[in-house]
Amino acid sequence: MRIRPRTTVPLLAALLTTTLAAPAAAGTDYPFRDPDLPLERRIDDLLGRLTLDEKISLLHQYQPPIPRLGIGRFKTGTEALHGLAWSTDIHSTPDPGAVRTATATVFPQAVGLGSTWDRDLIERVGTVVGNETRGYNSADPDVWGLNTWAPVVNLLRDPRWGRNEEGYSEDPHLTGVISTAYAGGMRGDDPHHLRTAPTLKHYLANNNEVRRDRTSSNLRPRVKHEYDEQAFRPAIANNAATGVMSAYNLVNGRPMTAHADHDDVVRSWTDQTLMNVTDAGGPNNLVGSQAYYPTLAEADAATLKAGVDSFTVDNTNATPTVEAIRTALSRGLLTEADVDTAVRHILSIRFRLGEFDPDGGPYAGITMDVVNSPEHQRLAREAAAEAMVLLKNEGTLPLAAGDRTVAVVGPLADTLYTDWYSGRMPYQVTPRAGITERLGESGTVTGGEAVDRIALRSVDTGRYVTAGSAPEGAALTAAGTSAGNNEQFDVFDWGQGVLTLRSVANGMYVERADFGPTSTFVNRAPQPRDWFVHQQFSLEDAGDGTVVIKYVGYETVNDWEGPNNYLTVAADGTLVLGSPDAAGAARFTKETLVSGVDSAVVAATGADAAVVVVGSMPFINGREDHDRTTMALAESQAELVRAVRAANPNTVVVVENSYPTTLTWEQDNVPAILWTTHAGQETGRALADVLFGDVNPAGRLTQTWYRSDADLPSILEYDIIKARRTYQYFDGDPLYAFGHGLSYTTFRYDRLRVENSVRPNGTVRVSVDVTNTGRVAGDEVVQLYTHQRASRDPQPNLELRAFERVGLEPGQRRTVRLTVPARELGHWDVTRNRWVVERATHDVLVGGSSADIRQRGSVQVRGEAIPPRELDRTTRGVDFDDYAGVDLVDTSKERGDAVGASGGDWVSFADADLDRPRALTARVSREQAGAAGVEVRLDSPTGPLLGTATVRSTGDRYAYTTVTAPLRRVDGRRTVYLVFTGDLRLDHFSLR
């Protein structure tokens, strides 16, 4: 949404002052408190009244109060990804900055919100999240700040990314539309005030968790401009978001925490004032894991000068940041004007939030009364239903009116899980509960979680592992003489040998209790949880019919972890972490008291329908700091699906997770498959709505679902063009295509109309008639793709340009009109470092998914021809057309990208117009001792050699020198290869 001026403000304008209003005791008559003055004048007035020390204090996440001016505390960073989630508390003791989780309306995870393809719905969701944030802020503004850290707009180019649940799509256009709607709802539609201040995460190219603070995302110019930047631009350009958060990773060798793109690029997208923030701990990484700057003063100075305004670091302790900024000022690394610039950005947001208005602004009257209101509950149910995607249906769905006995089985049938960026659900409607409610008294729901119930008996003592029955549990001991309730555990398998143990005694999960050298274990966790998930175990076959218990909560190596990861039994019978290997572990006999698969088969046999609910646990199957290594279902879950399908031909598989899954067997053998993300408090009712046809599913996939893990390259491969990644470039046969999703009705597309030609500054106008040819009402997501037939550069197979979700009654026909600005058909021209709209024919493809094209047309774009390269001009090394082996690196710590090469690597420059050049001139550096070389070849990396430049050590990667070499003279339009014979960096070159 773009914020438009308006003359009136709704009901909120009349509401009374709340805690946002400044204290009346100090400075109430200062000009900065006069809402009738222009915003810039008010900022100038306040900025001029602040001392340098006060201004520096505002640069940390926890901005202290300034009592002499009547200014209260301000905190950046309230998490609100799919509902108000959590914040941190500066006043908490004994742990300042402890997490405080909100009990608020929980909507589907972000990838589920994206799957609705419904901008209006998403804006309504964002509005609810913004209002509930305001409600909590009214109760405690020190904890619940109004600078919200959402949405996440990083593109989902790799479904193994642990944070896949946080993003919307692998496509930048769809991501831009959904993020603009969500952020716009949180921001509000008042032209002068903000409901909240949404901050986009995580700029830029942050799509792996493995070594996330040390890995560098290689972004060639086309990928950076055409793909990654395009996800962030819309919400900023449409004034929906108020800033970005810098990512942990490096891009082309430069840490994003101190990357000048925050000023040079992000702020070029809008005339509004932005406030950019670091991710938590990012500034310290610059001197720590990244070792990019030798001192914090240099790091913080670079961060501030790069356009990042607020430092999220050292938890509640602002002292290191304040001291570093003071040192930077004293050393001349910063000026007071640099500090003023950042503070001006911060104050702009605070003013627009209404903080310095006498009445607190138009949103100040929102209170806790709005949180989890009936209206918000209804929207949560609507969103959860709209997000569901029907992957396959052979007529099994919707369940018939006569299906009165339904077996609901599976490890997620009776549980709703939250994730790291979720609030606490006010209530939970599980899949079984929702289906039971829908059937009412005339129906019967059978089944269970279909997990094994086991007892573990010590081989040495013959005693059973026993847990406590109190809510807080007790230390596990090998003490039981029989397998009673206290000795029984339900085993939840999350794949690749990782499982959780839920105690039957109190319904709590077993977790590591402490972190001494011989840690104990207790049954007290309501679900797997926390930053380190200490509820993970593996039962390993000891080879003699017994098992050993391995604790697999070691997700990362930490100096506080001991050497042991296998359980032993202490002398008093307590289970402890006592052995570094299986040989020294205690052995147990595993007694299966109830077979999960067998119980599911019994429930499914003879039922009118069987619903199998499988999927992921968000804290285990990938999350922040953890990527997945497979997209497969957990092994026991796959076994469960097969067994139930064999027992009941009317089987529906519900997959509840946050990422594409390799459901190849299920697609071939199960009659109906429905996907949902973890969808919040109303999951069960929404699921029942869809299963029984009260809601016709219309969710669509926002990612390519692959058939195999082997379809994907390394998760660290960011070049979607060369690696042929995402639906835009993937040449294989996906399991489910981008945009896929079925309906209980059918749609016909007719009469595609496309203008014959358009200028680069014009608009492609497309219309198509869509008719509901079925017997029930339904929504169709009409998707418009284009493909450029011919180009100087490799073009996507397809690219989403526009879409519309339309609702149609049976037999109803609607003309759907879609528009595409012709400039959006352009791409980044590496020969001239600018956008170009080429003279070309573009296929116009309209249908129900990227693989379901119903109507085809074309449009002639009267653009320009990209001229031949003129390599006699200075040419950046990174502006290549193709490459092998090279990395992209930082030219200097401040700005610029260069080619980092090793022996045998090469870059090529196509269609170069050679006019008998005499010499190669190149700006290069070589950190290592000795010499390397740059060969100039034609047509291939082993083609005719024109000349070689020798590059000797410059002693430092940033110490560049100019080298030359004579060339054998040639002419004509050829592809030039620069082949490297050793380690060096190439900034730019020319052939003259």
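For this chain, numbers begin at 1 and follow the sequence in order. Predicted, not measured: the structure shown is a model, and the values here were computed from it.
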Colleague: Taking only residues two or more places apart in sequence, or in another chain, which ones meet Asp668 in a salt bridge (Lys or Arg N to Asp or Glu O under 4.0 Å)?
Modeller: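 Scan of Asp668 (salt bridge (Lys or Arg N to Asp or Glu O under 4.0 Å), adjacent residues dropped) gives none.
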Colleague: Any side-chain hydrogen bond (donor to acceptor under 3.5 Å, both in side chains) involving residues 588-611? Give me the pairs, sequence neighbours left out, ordered by first then second residue.
Modeller: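 As it turns out, the side-chain hydrogen bond (donor to acceptor under 3.5 Å, both in side chains) pairs with a partner in residues 588-611, which skip direct neighbours, are Tyr464-Glu591, Ser595-Asp598.
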Colleague: If every non-hydrogen atom of Val504 is compared with every non-hydrogen atom of Asn485, which pair is closest and at what distance?
Modeller: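 Distance-wise, the nearest heavy atoms are CB-O, 3.7 Å.
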Colleague: Take Tyr736 and Gln667 through the side-chain hydrogen bond (donor to acceptor under 3.5 Å, both in side chains) test and state the conclusion after the steps.
Modeller: CA-CA 10 Å; Tyr736 305 117; Gln667 172 62 25; 2.6 Å; yes
Colleague: Is it the case that the side chains of Asp493 and Ser636 hold a donor-acceptor pair, with the cut-off being a distance below 3.5 Å and no angle test?
Modeller: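 Yes.
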Colleague: Please say which of Val465, Asp460, Val459 ends up in a side chain to side chain contact (heavy atoms under 4.5 Å, CB included) with Phe588.
Modeller: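 The option that passes is Val465.
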Colleague: Treating Gln290 as the side-chain partner and Tyr248 as the backbone partner, does any N or O pair qualify as donor plus acceptor under 3.5 Å?
Modeller: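 Yes: the side chain of Gln290 pairs with the backbone of Tyr248.
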Colleague: Can you confirm whether Leu687 sits close enough to Leu674 that some side-chain heavy atom of one is under 4.5 Å from a side-chain heavy atom of the other?
Modeller: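 Leu687 reaches Leu674 side chain to side chain.
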Colleague: Looking only at atom types and distance, does a side-chain atom of Gln536 sit under 3.5 Å from a main-chain N or O of Val533, one as donor and one as acceptor?
Modeller: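 Pair found, side chain donor or acceptor close to backbone of Val533.
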Colleague: His534 and Phe515: aromatic ring centres closer than 6.0 Å?
Modeller: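 Yes: the rings meet the under 6.0 Å criterion.
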Colleague: Do any pairs count as a side-chain hydrogen bond (donor to acceptor under 3.5 Å, both in side chains) and have a residue in residues 640-658, sequence neighbours left out, and if so which ones?
Modeller: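 Residue pairs passing side-chain hydrogen bond (donor to acceptor under 3.5 Å, both in side chains), neighbours aside: Gln109-Ser658, Glu656-His678, Asn657-Thr661, Asn657-Trp675.
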Colleague: Just so I know, are the side chains of Val210 and Leu716 near enough to count as touching, which here means a heavy-atom distance under 4.5 Å?
Modeller: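 The answer is yes, as the side chains (C-beta and beyond) meet within the 4.5 Å cut-off.
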Colleague: Are Asp514 and Thr520 linked by a side-chain donor-acceptor pair shorter than 3.5 Å?
Modeller: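 Checked: Asp514/Thr520 side chains pair up, N/O donor to acceptor below 3.5 Å.
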Colleague: Taking Gln535 for the side chain and Arg529 for the main chain, is one N or O donor matched with an acceptor at less than 3.5 Å?
Modeller: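 Judged by distance alone, yes, a pair lies under 3.5 Å.
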Colleague: Is the distance between the ring centroids of Phe738 and Phe730 under 6.0 Å?
Modeller: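 No - the distance between ring centres of Phe738 and Phe730 does not fall below the 6.0 Å cut-off.
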Colleague: Using only atom types and a distance under 3.5 Å, with no angle test, would you say the side chain of Asn285 pairs donor to acceptor with the backbone of Ser289?
Modeller: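 Flag not set: sc Asn285 to bb Ser289 has no pair under 3.5 Å.
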Colleague: Just so I know, are the side chains of Tyr509 and Ser503 near enough to count as touching, which here means a heavy-atom distance under 4.5 Å?
Modeller: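 No, every pair of side-chain atoms sits at 4.5 Å or beyond.
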Colleague: So do Asp419 and His82 actually touch side chain to side chain, heavy atoms under 4.5 Å?
Modeller: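 With C-beta onward as the side chain, the pair touches.
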Colleague: Which heavy atom of Gly434 sits nearest a heavy atom of Ala688, and at what distance?
Modeller: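 That would be O-CB, 3.5 Å.
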Colleague: Strictly distance-based, threshold 3.5 Å: is any side-chain N or O of His202 a donor or acceptor partner for the main-chain N or O of Val152?
Modeller: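 No, because the side chain of His202 does not come within donor-acceptor range (under 3.5 Å) of the backbone of Val152.
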Colleague: Side chains of Arg512 and Ser519: is there a donor and an acceptor less than 3.5 Å apart?
Modeller: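 Arg512 vs Ser519: donor-acceptor pair found between side chains.
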Colleague: Go through the steps to decide whether Val498 and Ile620 satisfy the test side chain to side chain contact (heavy atoms under 4.5 Å, CB included), and finish with yes or no.
Modeller: CA-CA 9 Å; Val498 176; Ile620 293 176; 4.0 Å; yes
Colleague: Are side-chain heavy atoms of Thr629 and Gln496 found at a separation under 4.5 Å?
Modeller: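 SC-SC contact between Thr629 and Gln496 confirmed.
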Colleague: Using a strict cut-off of less than 4.0 Å between a Lys/Arg side-chain nitrogen and an Asp/Glu carboxylate oxygen, indicate whether Arg707 and Asp733 qualify as a salt bridge.
Modeller: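 Asp733 and Arg707: salt-bridged.
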Colleague: Which residue, Asn207, Leu155, Thr704, Leu701, forms the side chain to side chain contact (heavy atoms under 4.5 Å, CB included) with Glu170?
Modeller: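 Of the listed options, the one satisfying the test is Thr704.
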Colleague: Counting only N and O atoms by type, is there a donor-acceptor contact under 3.5 Å from the side chain of Arg457 to the main-chain atoms of Gly480?
Modeller: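 Checking the backbone N and O of Gly480 against the side chain of Arg457, no donor-acceptor pair under 3.5 Å is found.
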Colleague: State whether Glu394 and Lys392 are salt-bridged, where the test is any N-O pair (Lys NZ or Arg NE/NH1/NH2 against Asp/Glu carboxylate O) under 4.0 Å.
Modeller: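 Looking at Lys392 together with Glu394, the answer is yes, because their closest N to O distance falls below 4.0 Å.
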Colleague: Taking the side chain as every heavy atom from C-beta outward, state whether Tyr706 and Leu712 have any pair of such atoms under 4.5 Å apart.
Modeller: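 Result yes, sub-4.5 Å side-chain heavy-atom pair found.
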Colleague: Between Asp581 (side chain) and Gly584 (backbone), is there a donor-acceptor pair under 3.5 Å?
Modeller: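 Yes.
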Colleague: Show the numbers, then the answer: is there a side chain to side chain contact (heavy atoms under 4.5 Å, CB included) between Gln527 and Phe619?
Modeller: CA-CA 9 Å; Gln527 71 167 54; Phe619 280 81; 3.6 Å; yes
Colleague: My understanding is that only residues two or more places apart in sequence, or in another chain, count here; which of them pass salt bridge (Lys or Arg N to Asp or Glu O under 4.0 Å) with Glu472?
Modeller: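 So Glu472 forms no salt bridge (Lys or Arg N to Asp or Glu O under 4.0 Å) with any residue.
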Colleague: Answer yes or no: is there a side-chain heavy-atom contact under 4.5 Å between Asn249 and Asp213?
Modeller: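 When only atoms from C-beta onward are counted, Asp213 and Asn249 do not touch, as no gap falls below 4.5 Å.
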Colleague: If only atom types and distance count, is the side chain of Asn393 paired as donor or acceptor with the main-chain N or O of Gly395 below 3.5 Å?
Modeller: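 Yes.
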Colleague: Would you mind telling me which of Leu399, Val445, Thr430 makes a side chain to side chain contact (heavy atoms under 4.5 Å, CB included) with Ile435?
Modeller: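 It is Val445, the one option of Leu399, Val445, Thr430 that forms the side chain to side chain contact (heavy atoms under 4.5 Å, CB included) with Ile435.
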Colleague: Check for a donor-acceptor pair, side chain of Arg404 on one end and backbone N or O of Leu439 on the other, with a separation under 3.5 Å.
Modeller: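 Judged by distance alone, yes, a pair lies under 3.5 Å.
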Colleague: Mind listing the closest non-hydrogen atom pair of Gly447 and Val409 along with its distance?
Modeller: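 Heavy atoms of Gly447 and Val409 come nearest at CA-CG1, 3.8 Å.
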Colleague: One pair to check against salt bridge (charged side-chain N to carboxylate O under 4.0 Å, His left out): Arg623 and Glu166. What are the steps and the verdict?
Modeller: CA-CA 9 Å; Arg623 58 180 172 82; Glu166 297 183 35; over 6 Å; no
Colleague: Run the salt-bridge test on Arg628 and Glu209 with the 4.0 Å N-O cut-off and return the result as yes or no.
Modeller: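 No, this pair does not count.
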Colleague: What residues form a salt bridge (Lys or Arg N to Asp or Glu O under 4.0 Å) with Asp158, not counting sequence neighbours?
Modeller: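 Per chain and number, Asp158 pairs via salt bridge (Lys or Arg N to Asp or Glu O under 4.0 Å) with Arg160, Arg725.
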Colleague: Check the side chains of Gln681 and Tyr427 for a donor-acceptor pair under 3.5 angstrom, ignoring hydrogens and angles.
Modeller: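 Side-chain D/A pair, Tyr427 to Gln681: present.
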Colleague: Looking just at side-chain N and O atoms, do Asn564 and Tyr551 make a donor-acceptor pair shorter than 3.5 Å?
Modeller: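 Their side chains do not contain a donor-acceptor pair, so the 3.5 Å distance test is not met.
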Colleague: Is there side-chain contact between Val522 and Val510, with at least one heavy-atom pair below 4.5 Å?
Modeller: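 Contact flag for Val522/Val510 side chains = no.
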Colleague: Going by atom types alone, do Tyr566 and Glu540 pair a side-chain donor with an acceptor below 3.5 Å?
Modeller: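 Yes, Glu540 and Tyr566 have a side-chain donor paired with an acceptor closer than 3.5 Å.
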Colleague: Specify the closest pair of heavy atoms between Pro426 and Thr103, including all atoms of both residues, with the distance to one decimal.
Modeller: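 For Pro426 versus Thr103, the nearest heavy atoms are CA-CG2, 3.8 Å.
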Colleague: Are the side chain of Arg453 and the backbone N or O of Val594 linked by a donor-acceptor pair below 3.5 Å?
Modeller: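 Absent.
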Colleague: Sequence neighbours left out, what passes salt bridge (Lys or Arg N to Asp or Glu O under 4.0 Å) with Asp627? Give chain and number order.
Modeller: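 By the salt bridge (Lys or Arg N to Asp or Glu O under 4.0 Å) rule, Asp627 matches no residue at all.
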Colleague: Is it the case that the side chains of Asp544 and Thr546 hold a donor-acceptor pair, with the cut-off being a distance below 3.5 Å and no angle test?
Modeller: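 Distance-only check passes for Thr546 and Asp544.
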Colleague: Are a donor atom and an acceptor atom from the side chains of Asn164 and Gln703 found within less than 3.5 Å of each other?
Modeller: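 Yes, because at least one side-chain N or O of Asn164 sits under 3.5 Å from a partner of the opposite role on Gln703.
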Colleague: Under the 6.0 Å and 45° cation-pi test, does Arg157 pair with Tyr718?
Modeller: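 Positive - Arg157 is close enough to the ring of Tyr718 and near enough to its axis.
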Colleague: Run the side chain to side chain contact (heavy atoms under 4.5 Å, CB included) check on Val614 and Val654 step by step: do they pass?
Modeller: CA-CA 6 Å; Val614 293; Val654 176; over 6 Å; no
Colleague: Checking Thr466 against Glu487: is there a side-chain donor and acceptor pair closer than 3.5 Å?
Modeller: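 Yes, Thr466 and Glu487 have a side-chain donor paired with an acceptor closer than 3.5 Å.
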Colleague: List the steps, then state whether side chain to side chain contact (heavy atoms under 4.5 Å, CB included) holds for Phe521 with Thr574.
Modeller: CA-CA 9 Å; Phe521 297 87; Thr574 303; over 6 Å; no
Colleague: Looking just at side-chain N and O atoms, do His626 and Asn621 make a donor-acceptor pair shorter than 3.5 Å?
Modeller: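 Not at all, the side chains of His626 and Asn621 share no donor-acceptor pair under 3.5 Å.
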